[in-house]
Amino acid sequence: MSSDDPIAPLVGAFTDAAAHRGFGEAWFEFAGRPVRLRTVGDELSAKMTEPFSHLHCEPTTEPRLTIDVWDERATGIALPTSASVSPGAAGLVEDRRHAGVVWRVGDGLARALDRESGRIIGWCRDAAILPSEERTKPLRHLLDTWYLDRHVPVIHAAAVAADGRGALVAGPSGIGKSTTALACAAAGLDLAGDDEVGLEETTAGAFRVHSLYSVARVEREHLRAHPWLACGESPVHQVGDKSLVFAGRAPAVRWARSMPVAAILVPARDGGPGLRPASGAAVLRALAPSTLIGPVGGGRWTLERLARLAAAAPAFFFCAPLEPSAVAALVREALARAVS
C-alpha cells in the first residue's frame, strides 16, 4: 500500500483495532457476488450484519468486495487525524486528489470506498448510537456506488415473488410499497425487499432484481393496527414514530435473493378493487423520480434502464384491502396475466 494511498490511515487503524480486540467475520452475497464483512466491536458487528442476515453465504478465497469497520468506543482506536476527509464534512464526497475513492462522512461516522480495489474501510465513534439509517441500510451510499459500478442501480421499489417469478411494487414514499411487500410475505410469497432493490439488465434484455436489505420501516400506528406487518416472530425496534421490523430473523419469511421481473404493480389510492393496466409512462413516473434523487441515482444511465424496464414488463395499478391473502391474490393474478 503506497504512502499516498488515501485509505492507508484507516487501514492501519482497523489493523490496530483488530489486533486489540479481534474481529468478527461474516460473508454475504450481494447481487450474486461474494462479500466479506469484518467488524471490530460486538455491538457494531450485530448491527452491521443484521440487515444482511438473509444474504449469508459460504466463505470464498476471492471476495468481490471487502468491508472492514471498527468501533472506537469498543476499541479505543480513534479516527486517524491523517484521514483524507474530515468527519466534520457531510454527505457523499468524491476525493478529488485520488480518483476512484469516495467518502461518506457524518455525525460519528467516516467510511471510504476504493472503487478500484473493491474495499470499504470505516470508523464509527460509538455503535450504541448509530443513526437509524445505519440500522436499516448500513453503508447505503457507498454500497449504492459499488452496485452502480457493477451495472446494478439501486431503485426505489419493493419486490416479491411467487413460483420464482418476481413482481416489482413501484411508487413514491407513503404509497404502500412496504405494506404490500410485508402483506405478501405474511401470506407466504417470497420477499426480496420492501423499499429498495438492485436492478440488473441481462444481456438478453430481460431484468432481474436483487435483494439488498432485510429491515423494514413501518409506521408505529400502522403496525399496531395491523400486527401481521411484523411478519410473525420478527424482532421490532422503535425509532421515533417508526418501527423497525427485522424480517431477516423471521422464521416464517421466505427470502428471494434474486428473481426475474415478470410484472410491475403500482399501488393506487383511487379506483375499485382489483387490477387495471398501467402504461409504461405511468410506471416510469412511479419509479424514476424517487430513484434518481436517491443517494446515488445514476442519472441518465439509470433512467434509460428504467425506461426499458417500463416498456418491457406488463404493469398494473392495483387496489386491495389491507389484508395479506387479498394482496397476495392480486400479485398472483398480475403474474398470471403477465404471461397470458
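Only heavy atoms go into these numbers, but all of them, side chains included; no hydrogens, no water, no symmetry mates. Since we're looking at a predicted model, the values are computed, not measured.
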_Side chain to side chain, Glu333 and Leu275, heavy atoms closer than 4.5 Å_ = yes
*Under 3.5 Å: donor-acceptor pair, side chain of Ser53, backbone of Thr49*: no
*asked:* By the salt bridge (Lys or Arg N to Asp or Glu O under 4.0 Å) test, which pairs, at least two apart or in different chains, include something from residues 157-179?
replied: Asp163-Arg332
*Sequence neighbours left out, what passes salt bridge (charged side-chain N to carboxylate O under 4.0 Å, His left out) with Arg257? Give chain and number order.*
Glu29
*Apply the side-chain contact (heavy atoms from CB on, under 4.5 Å) test between Arg104 and each candidate in Leu109, Leu139, Leu142, Leu113; give the one that qualifies.*
Leu142
*Can you measure from CZ (Arg208) to OG (Ser258) and round to the nearest 0.5 angstrom?*
3.5 Å
_Please find the pair of heavy atoms, one from Gly171 and one from Ser290, that lie closest to each other, and give the distance._
O-OG, 4.3 Å
*Side chains of Leu44 and Leu130: closer than 4.5 Å at any heavy-atom pair?*
yes
*Looking only at heavy atoms, what is the nearest atom pair of Ala167 and Leu265, with distance?*
CB-CD1, 4.4 Å
_Evaluation steps, side-chain contact (heavy atoms from CB on, under 4.5 Å), between Leu191 and Cys184_ = CA-CA 7 Å; Leu191 177 63; Cys184 289; over 6 Å; no
*Between Thr179 and His222, does any side-chain donor sit less than 3.5 Å from a side-chain acceptor?*
no
*Check whether Leu309 and Leu292 end up in the same hydrophobic cluster, where Ile, Leu, Val, Met, Phe, Trp and Tyr are linked by side-chain heavy atoms less than 4.5 Å apart.*
yes
*Can you tell me if Thr39 uses its side chain to pair, donor with acceptor, with the backbone of Val69 under 3.5 Å?*
no
Using a 3.5 Å cut-off and no angle test, enumerate the donor-acceptor pairs between side-chain atoms of residues 223-231 and protein atoms at least two apart in sequence or in another chain.
unit_1 : atom_1 : unit_2 : atom_2 : d
Arg224 : NH1    : Glu221 : OE2    : 2.5

*Going by heavy atoms in the side chains, are Trp146 and Arg33 under 4.5 Å from each other?*
yes
*Can you name the nearest heavy-atom pair linking Ala13 to Pro80, along with the distance?*
CB-CG, 3.7 Å
*Would you call Arg125-Glu134 a salt bridge at under 4.0 Å N-O?*
no
*If you look at every heavy atom in Gly166 and Leu335, which pair is closest and at what distance?*
O-CD2, 3.6 Å
*Output, in order, the C-alpha distance, side-chain angles, deciding distance and verdict of side-chain contact (heavy atoms from CB on, under 4.5 Å) for Ile155 and Leu168.*
CA-CA 10 Å; Ile155 65 172; Leu168 276 181; 4.1 Å; yes
*Treat each ILVMFWY residue as a node, draw an edge where side-chain heavy atoms are under 4.5 Å apart, and state whether Trp255 and Val209 are in one component.*
no
*Is there a path of hydrophobic side-chain contacts, each under 4.5 Å between heavy atoms of I, L, V, M, F, W or Y residues, that connects Trp123 with Ile121?*
yes
*Determine, step by step, whether Leu143 and Leu65 satisfy the side-chain contact (heavy atoms from CB on, under 4.5 Å) criterion, reporting the C-alpha distance in whole Å, the side-chain angles of both residues, the deciding distance to 0.1 Å, and the verdict.*
CA-CA 10 Å; Leu143 286 178; Leu65 173 67; 3.7 Å; yes
_Nearest-0.5 Å distance that lies between atom OG1 in Thr180 and atom CG in Leu189_ = 12.0 Å
*Do the side chains of Glu133 and His141 get nearer than 4.5 Å, heavy atoms only?*
yes
*Kindly indicate whether the side chain of Leu55, heavy atoms from C-beta on, has any atom under 4.5 Å from the side chain of Val35.*
no
Which donor-acceptor pairs under 3.5 Å do side chains of residues 312-327 form with protein atoms, sequence neighbours excluded?
unit_1 : atom_1 : unit_2 : atom_2 : d
Glu323 : OE1    : Ser325 : N      : 3.2
Glu323 : OE1    : Ser325 : OG     : 2.5
Glu323 : OE1    : Ala326 : N      : 3.0
Glu323 : OE2    : Ser325 : N      : 3.4
Glu323 : OE2    : Ser325 : OG     : 3.0

*Taking C-beta and beyond as the side chain, do Leu306 and Leu199 meet within less than 4.5 Å on heavy atoms?*
yes
*Quick one: closest heavy-atom pair of Arg254 and Asp190, and the distance?*
NE-OD1, 2.9 Å
*In Å, rounded to the nearest 0.5 Å, how long is the span from CZ of Phe246 to OG of Ser214?*
8.5 Å
*Got Leu148 and Thr302 here, is their nearest side-chain heavy-atom distance under 4.5 Å?*
yes
*For Thr75 and Arg21, does a side-chain donor sit closer than 3.5 Å to a side-chain acceptor?*
no
*Of all pairs that satisfy ring pair (Phe, Tyr, Trp, His ring centres under 6.0 Å), the ones with a partner from residues 162-218, not counting sequence neighbours*: Phe52-Tyr213
*Could you state the interatomic distance from CD (Glu196) to CG (Leu212), rounded to the nearest 0.5 Å?*
7.0 Å
*Can you name the nearest heavy-atom pair linking Pro51 to Thr136, along with the distance?*
CB-O, 3.6 Å
*For the hydrophobic clusters of this structure (ILVMFWY residues joined by side-chain heavy atoms under 4.5 Å, transitively), does one cluster hold both Ile7 and Phe23?*
yes
*Over 12 non-hydrogen atoms of neighbours within 6.0 angstrom of CG in Asp42*: no
*Quick one: does Pro34's side chain get under 4.5 Å of Phe28's, heavy atoms only?*
no
*Which residues pass the salt bridge (charged side-chain N to carboxylate O under 4.0 Å, His left out) test with Lys47, sequence neighbours left out?*
Glu43
*Among side-chain atoms of Glu25 and Trp27, is any donor-acceptor pair under 3.5 angstrom?*
yes
*Any chance you could lay out the side-chain contact (heavy atoms from CB on, under 4.5 Å) test for Asp71 and Val40, step after step, and finish with the verdict?*
CA-CA 6 Å; Asp71 178 2; Val40 184; over 6 Å; no
*Is a salt bridge present between Asp149 and Arg115, judged by a nitrogen-to-oxygen distance below 4.0 Å?*
yes
*Do you know which of Lys137, Arg140, Arg217 makes salt bridge (charged side-chain N to carboxylate O under 4.0 Å, His left out) with Asp195?*
Lys137
_Could you measure the distance from the CG atom of Leu37 to the CD1 atom of Ile67? Nearest 0.5 Å is fine._
5.5 Å
*Can you measure from OG1 (Thr145) to CZ (Arg150) and round to the nearest 0.5 angstrom?*
10.5 Å
*asked:* Do Val261 and Val160 sit in one hydrophobic cluster, given that two such residues count as connected whenever their side-chain heavy atoms are within less than 4.5 Å of each other, even indirectly?
replied: no
